[in-house]
Amino acid sequence: MINILFSPRWFFGKDILIDVVSVIVLALISYVTFRYYRINKNKTQHLSFSIATGLLALSFIFKIITNFTLYELEMHTKTFGLLTFTYQTVEASNTLFLIGTLLYRFLTLIGFYILFSTYYKEKNRSIYLIMAYFIFVATYFASQAYYIFHLSALLFLLFIVKKYLDNYRRTRDKPAKLILTSFLIILISNAIFIFVELNHLLYVIAEIVQLLGYVMLLISLITVLRYGKKKK
Amino acid sequence: MGKKRSRIEIISDMLSAIQTKGGRIKPTHLMYKANLSNEQMKSYLEELLDKELVEKIKSEKDNTYLIITDRGDKFVQKLREMKQFERSFGF
């Protein structure tokens with residue numbers, strides 16, 4: 001049996017709201033970059049960035065659905081306390097939860113991988129197969145060891161943050177600094193998620209840090225667009 | 001030698017050149033300002049006219065001028081935003 005509930009009861013629903021904010025920010029970025037791709041179809045980086053952020057948004061939608069189902073179930077169990085009824089619900093929800101969780105993890109890792117490959121171009125196609133294998137392993141076996149999933153995401157994020165750091169050093173402009181900070185915060189939230197099994201309060205902290213990261217990313221996007229408007 | 005400009009960069013340069021001239025320019029001036037050959041000018045201008053980003057008008061002295069449309073202004077704005085986005089996200 002896998003440990004499926006990391007949120008303290010008092011935090012139920014609040015984490016869902018945080019994930020909704022993340023979905024909105026990611027979907028917005030995906031939409032903006034897709035519009036840029038339509039302007040200049042020769043620049044495939046726009047398309048891969050749009051796909052990556054779109055997949056990350058979708059992954060959060062799966063997380064929201066599974067968490068919502070789980071919290072509903074938890075509430076029903078506590079309210080009614082009917083043993084047989086609860087048991088059947090658990091069985092049905094477990095399957096839904098498992099599928100939802102696997103999809104959430106798979107899409108997150110694929111999303112981060114595409115984001116990673118937007119910056120680290122690999123011409124050798126066999127690398128894609130190897131990466132697909134590792135993403136599958138990290139997704140599937142994370143059922144037994146939850147931290148593997150966040151550790152894998154952290155690894156991708158480390159390389160992505162490195163690129164943003166290099167870019168900031170090169171450009172020295174404010175939007176680039178904000179983007180670097182946002183992804184650094186998202187990276188920190190992933191690092192905290194690794195340890196949530198030790199203490200459920202860490203889940204609350206990780207979610208709040210995640211919220212901070214995505215709000216910062218939204219501010220970055222607004223700043224980028226404003227800077228673009230100002231330029232002549 | 002500088003990097004070869006992409007199609008979108010040439011269009012951006014053409015529209016920006018019209019904007020810096022107050023939204024109105026003679027075709028020959030545009031050709032020099034945007035660093036284009038005669039052939040390039042013909043082909044790109046056709047595209048700009050086709051997409052209604054610029055319009056051709058005649059002055060009282062029968063000179064041809066190119067003016068940037070509202071659509072063209074908005075397009076230049078979008079291109080600037082895109083450029084800033086690429087710079088900030090390190091594309």
Side-chain angles (χ1 to χ4, degrees), chain A residues 28-29 31-50 52-53 115-116 118-121 159-183 217 219-232, chain B residues 2-25 29-30 32-36 40 43-54 66-91:
Chain A
L28 198 66
I29 295 175
Y31 170 71
V32 169
T33 39
F34 188 71
R35 280 183 63 186
Y36 292 155
Y37 168 69
R38 284 182 64 188
I39 292 174
N40 187 7
K41 289 191 176 167
N42 291 330
K43 203 124 192 180
T44 51
Q45 274 175 310
H46 288 139
L47 181 65
S48 59
F49 200 88
S50 174
T53 44
L115 204 58
F116 162 86
T118 303
Y119 295 102
Y120 298 88
K121 295 222 181 306
F159 284 100
I160 293 164
V161 165
K162 158 103 181 39
K163 276 284 167 186
Y164 289 140
L165 179 66
D166 292 344
N167 187 50
Y168 171 62
R169 279 182 179 152
R170 195 166 45 83
T171 61
R172 290 272 161 201
D173 74 359
K174 191 184 164 189
K177 189 179 182 180
L178 283 172
I179 291 161
L180 167 68
T181 315
S182 319
F183 275 89
L217 197 57
I219 295 168
S220 310
L221 181 70
I222 294 166
T223 314
V224 168
L225 298 181
R226 271 197 186 159
Y227 263 60
K229 274 196 177 82
K230 273 185 210 163
K231 273 193 179 164
K232 284 278 169 192
Chain B
K3 206 181 104 200
K4 195 178 166 227
R5 286 181 298 171
S6 66
R7 193 188 127 269
I8 204 80
E9 279 169 336
I10 293 173
I11 288 173
S12 172
D13 288 347
M14 287 173 83
L15 293 173
S16 299
I18 305 175
Q19 274 189 335
T20 47
K21 278 282 179 182
R24 202 174 97 136
I25 198 168
H29 288 178
L30 178 62
Y32 296 128
K33 281 245 168 210
N35 273 321
L36 298 171
Q40 280 179 312
S43 142
Y44 281 104
L45 186 58
E46 204 174 297
E47 190 177 340
L48 294 184
L49 289 166
D50 213 43
K51 289 182 175 163
E52 294 172 3
L53 299 173
V54 297
L66 295 169
I67 57 161
I68 188 162
T69 60
D70 280 350
R71 203 173 165 176
D73 272 325
K74 280 180 191 155
F75 190 69
V76 177
Q77 193 58 56
K78 196 94 332 228
L79 289 178
R80 283 187 190 128
E81 281 174 25
M82 187 173 87
K83 231 174 181 176
Q84 181 62 48
F85 187 93
E86 288 170 1
R87 181 182 151 89
S88 305
F89 278 87
F91 284 4

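Throughout, protein chains are lettered first and strands after them, A, B, ... in sequence-line order, and every chain is numbered starting at 1.
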Worksheet item: Can you name the closest pair of heavy atoms from B:V54 and B:L49 and give their distance?
Response: O-CD2, 3.5 Å
Under a 4.5 Å heavy-atom cut-off, does chain B meet the side chain of [X], its backbone, both or neither?
X: A:I179; answer: side chain
X: A:S220; answer: neither
X: A:K177; answer: neither
X: A:L178; answer: neither
X: A:F49; answer: side chain
X: A:Y164; answer: side chain
X: A:T223; answer: neither

Item to complete: Determine the sole option in B:Q84, B:R87, B:K83 for which the side chain to side chain contact (heavy atoms under 4.5 Å, CB included) test with A:Y227 is passed.
Response: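 Of all the options given, the one that passes is B:Q84.
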Discussion item. Tell me which of these, A:N40, A:N167, A:N42, has more heavy-atom pairs under 4.5 Å with chain B than the rest.
Written reply: A:N167
Item to complete: Just give me the residue among A:H46, A:R35, A:K174 that pairs up with chain B most often, heavy atom to heavy atom, under 4.5 Å.
Response: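 Of the candidates given, the most pairs with chain B belong to A:H46.
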Fill in: Portion of B:L79 that has a non-hydrogen atom of chain A nearer than 4.5 angstrom
side chain
Worksheet item: Does any heavy atom of chain A fall under 4.5 Å from the side chain of B:F75, the backbone, both, or neither of them?
Response: side chain
Worksheet item: Any sub-3.5 Å donor-acceptor pair from B:T69's side-chain atoms to B:G72's backbone N or O?
Response: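 Indeed, once roles are kept as given, a pair shorter than 3.5 Å links the two residues.
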Item to complete: Determine, for B:K74 against B:D70, whether the closest basic-nitrogen to carboxylate-oxygen distance falls under 4.0 angstrom.
Response: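 The answer is no: the pair does not qualify as a salt bridge.
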Worksheet item: Does the pair B:E81/B:K78 count as a salt bridge with the N-to-O cut at 4.0 Å?
Response: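 Yes, charged N to carboxylate O under 4.0 Å.
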Worksheet item: For A:F159, does the CZ atom have more than 12 heavy-atom neighbours from other residues, nucleotides or ligands under 6.0 Å away?
Response: no
Practice prompt. State whether A:Y36 and A:K43 meet the cation-pi test: NZ (Lys) or CZ (Arg) under 6.0 Å from the six-membered ring centroid, and within 45° of the perpendicular axis.
Written response: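 No - A:K43 does not lie over the ring of A:Y36 by the 6.0 Å and 45° rule.
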Practice prompt. Take the angle between the ring planes of B:F89 and B:F85 and call it parallel below 30°, perpendicular above 60°, tilted in between.
Written response: parallel
